[in-house]
Amino acid sequence: FYSLALAALLALSGCASVLELDDALAVTSYRIDPNGRIVVDANINSRGPYEFVLDTGSSISAIFDELSDALSLTNVPDKKVIVHGAVASGVFPLLDVAQAEVAGAIWSEPRFVRLPGVTDANPGIDGILGLDFLQRYAIGFIAGQRIVRVYSPETVARRSYRGWASIPFNPRKIGENGAALLFIRVTIDGWEVPAVFDLGAGLNMINWSGARLLGIKKERLRMNQVLSGAIQGDLKMARLDARVVRTSGIRWRNEAFAIADLDIFEIFGLEDRPAAILGAGLFTQRDFIIDFARGRLLVNISTAQLDHDPR
């Protein structure tokens, strides 16, 4: 089985203050689904369009049962993967897919896992485009127009961006040969917490170790909300309202976090240490670029709150 996870700029050869609009390999619109995630149209085997979530919290792309059946996709013989979701994990087959395409960006012989699509986390969604697709490119998001621009990795990596903050992210693997997710160092109400950068999460999340670090007592909170996973299972959770979230000179105020001890934290060995997930809602009000080649998340500071506090 393979193991996969679902959950100051340097001046180089140029300096830009806006996205290089003429250099995009593909341009497409996106929408925000009811769960707060970024959804784009994609074609599978030249059929579509179908609705796929862009998910930096998933190391592998997925097609849900209903679309797989509609396209008469077959499983790859003797190929299954262990998929670790935020709430639950499972073993699922790989699908035989010839091609996936997003606005002209073509992915030949892609690896898609077949997942059940019957959970509350996936209403109206046909599948997931995970890191195995996204990290082939640099991905830019224009919030005001709800446009995704897909670039070759070198187009963004070779430039610095004037007026954009740079947030470094670090891939962290599950075991020696397992999948990797992207971690960012953030401070939540003054406490440093490692956090997964997860556009596939519609909300921010923090484990109970992190909540206790912030002075939250479990016995004083009502567990009156339910978190549904993309794979299976529901998990009761509470809510934390963080006054300030900071990273790399950017500040967010009054951000809500769901509190729950998620399976994905345990898989990364963080069940007894503070850990968080930064969901799509933290970023979709701002222009941002994911530069996989240089391991940085660029955020347009003209649309973000700057942190001028030297602390």
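- For an aromatic pair to be called close, the ring centres must be under 6.0 Å apart, and F292 with Y137 fails this.
- Between D241 and R239 there is a salt bridge, since a side-chain N of the basic residue sits under 4.0 Å from a carboxylate O of the acidic one.
- For the residue pair S68/R114, the side-chain donor-acceptor check at 3.5 Å is satisfied.
- Looking at heavy atoms from C-beta onward, F197 lies out of side-chain contact with I277 at the 4.5 angstrom threshold.
- Of the residues listed (F92, F133, W107, F64), the one engaging F112 in a ring pair (Phe, Tyr, Trp, His ring centres under 6.0 Å) is W107, and it is the only one.
- Two residues are said to be in side-chain contact when any heavy atoms from C-beta on lie closer than 4.5 Å; T56 and L181 fail this criterion.
- Using a cut-off of 4.0 Å between Lys/Arg side-chain N and Asp/Glu carboxylate O, R111 and D132 are scored as not salt-bridged.
- Using modelled atom types, no side-chain atom of N207 and backbone atom of D261 make a donor-acceptor pair closer than 3.5 Å.
- In this structure a side-chain-to-backbone donor-acceptor pair under 3.5 Å is missing from R243 to N254.
- With respect to R31 and E51, a salt bridge is recorded, a charged nitrogen being found less than 4.0 Å from a carboxylate O.
- Residues L298 and D287 have side chains not in contact (no heavy-atom distance under 4.5 Å, counting atoms from C-beta outward).
- Of the charged side-chain nitrogens involved, at least one lies within less than 4.0 Å of a carboxylate oxygen, so that R159 and D23 count as a salt-bridged pair.
- A centroid separation of 6.0 Å or more is found between the aromatic rings of W208 and F265.
- Side-chain atoms of L199 and F141, non-hydrogen and from C-beta on, do get closer than 4.5 Å to each other.
- Of the candidates V102, I142, V40, V40 is the only one forming a side chain to side chain contact (heavy atoms under 4.5 Å, CB included) with V148.
- Between F183 and F268, a ring centre-to-centre spacing shorter than 6.0 Å is recorded.
- A heavy-atom distance below 4.5 Å is found between the side chains of I44 and F52.
- Taking the six-membered ring where tryptophan is involved, the planes of F283 and F288 are tilted, since the angle between them lies from 30° to 60°.
- Residues L213 and L240 are members of one and the same hydrophobic cluster, defined by side-chain heavy-atom contacts under 4.5 angstrom among Ile, Leu, Val, Met, Phe, Trp and Tyr.
- Residues forming a salt bridge (Lys or Arg N to Asp or Glu O under 4.0 Å) with E192 (at least two apart in sequence, or on another chain): R185.
- You'll find the side chain of S166 reaches within 4.5 Å of the side chain of R296, heavy atoms only.
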